[in-house]
Visitor: 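Can you keep this structure in mind? I'll have questions shortly.
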Amino acid sequence: MYMKIFIAGATGRVGEELIKNLAAKGHDIYAGARRDQDIEATDSVKPVHLVLL
């Protein structure tokens with residue numbers, strides 16, 4: 001089953017592993033992080049600048 005998934009904290013230890021595993025399974029990932037430039041954009045991974053107040 002294909003899904004579009006948003007992950008907050010994408011540059012953390014758990015977030016990085018989630019992105020790697022879910023993207024390998026063909027899901028589209030929206031990866032949220034304060035430093036979105038640290039996320040490598042690919043066809044299935046889209047960095048999203050995230051500010052939580």
Side-chain angles (χ1 to χ4, degrees):
M1 172 189 236
Y2 162 81
M3 292 187 280
K4 292 182 180 180
I5 302 168
F6 176 78
I7 297 176
T11 57
R13 187 180 322 172
V14 175
E16 287 179 346
E17 286 299 314
L18 275 173
I19 290 170
K20 189 183 335 176
N21 290 323
L22 292 171
K25 293 182 182 208
H27 300 292
D28 277 345
I29 309 299
Y30 294 89
R34 285 179 283 182
R35 295 181 42 90
D36 60 326
Q37 66 270 22
D38 292 344
I39 301 168
E40 183 180 343
T42 65
D43 288 338
S44 61
V45 178
K46 283 88 174 158
V48 176
H49 181 75
L50 180 64
V51 178
L52 298 175
L53 302 176

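Below, all heavy atoms of this structure are taken into account, side chains as well, without hydrogens, waters or symmetry copies.
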Visitor: Would Val14 end up clustered with Leu22 when hydrophobic side chains under 4.5 Å apart are linked, directly or stepwise?
Guide: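 Per the 4.5 Å side-chain linkage, Val14 and Leu22 are co-clustered.
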Visitor: Please answer: with hydrophobic residues joined when any side-chain heavy atoms are less than 4.5 Å apart, are Phe6 and Leu52 in the same cluster?
Guide: yes
Visitor: Closest approach of Ala33 and Ala10, non-hydrogen atoms and distance?
Guide: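 Heavy-atom minimum between the residues: CB-N, 4.5 Å.
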Visitor: Calculate, to the nearest 0.5 Å, the distance between atoms CG and CG belonging to Leu50 and Asp36 respectively.
Guide: 9.0 Å
Visitor: If you draw a 6.0 Å radius around CG in Asp43, do more than 12 non-hydrogen atoms from other residues or ligands fall strictly inside?
Guide: no
Visitor: Tell me the closest heavy-atom pair linking Ile19 and Ala31, and the distance in Å.
Guide: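 Where Ile19 meets Ala31 most closely, the heavy atoms are CD1-CB, 3.7 Å.
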Visitor: Look at atom CD of Glu40 and say whether more than 12 heavy atoms of other residues, nucleotides or ligands are closer to it than 6.0 Å.
Guide: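 At most 12 heavy atoms, drawn from other residues, nucleotides or ligands, come within 6.0 Å of this atom.
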Visitor: Check for a donor-acceptor pair, side chain of His49 on one end and backbone N or O of Arg35 on the other, with a separation under 3.5 Å.
Guide: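 No, the answer is negative, given that no donor and acceptor are paired below the 3.5 Å cut-off.
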Visitor: Are Ile5 and Leu18 packed together at the side-chain level, in the sense that at least one heavy-atom pair is separated by less than 4.5 angstrom?
Guide: no
Visitor: In Å, rounded to the nearest 0.5 Å, how long is the span from CD1 of Ile29 to CE of Met3?
Guide: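 Taking CD1 in Ile29 and CE in Met3, the distance rounds to 8.5 Å.
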Visitor: Looking only at non-hydrogen atoms, find the nearest pair between Lys4 and Tyr30 and report the distance.
Guide: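 Nearest heavy atoms, Lys4 then Tyr30: CB-CE1, 4.2 Å.
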Visitor: Could you report the tightest heavy-atom contact between His27 and Met1, atom names first, then the distance?
Guide: CE1-O, 2.9 Å
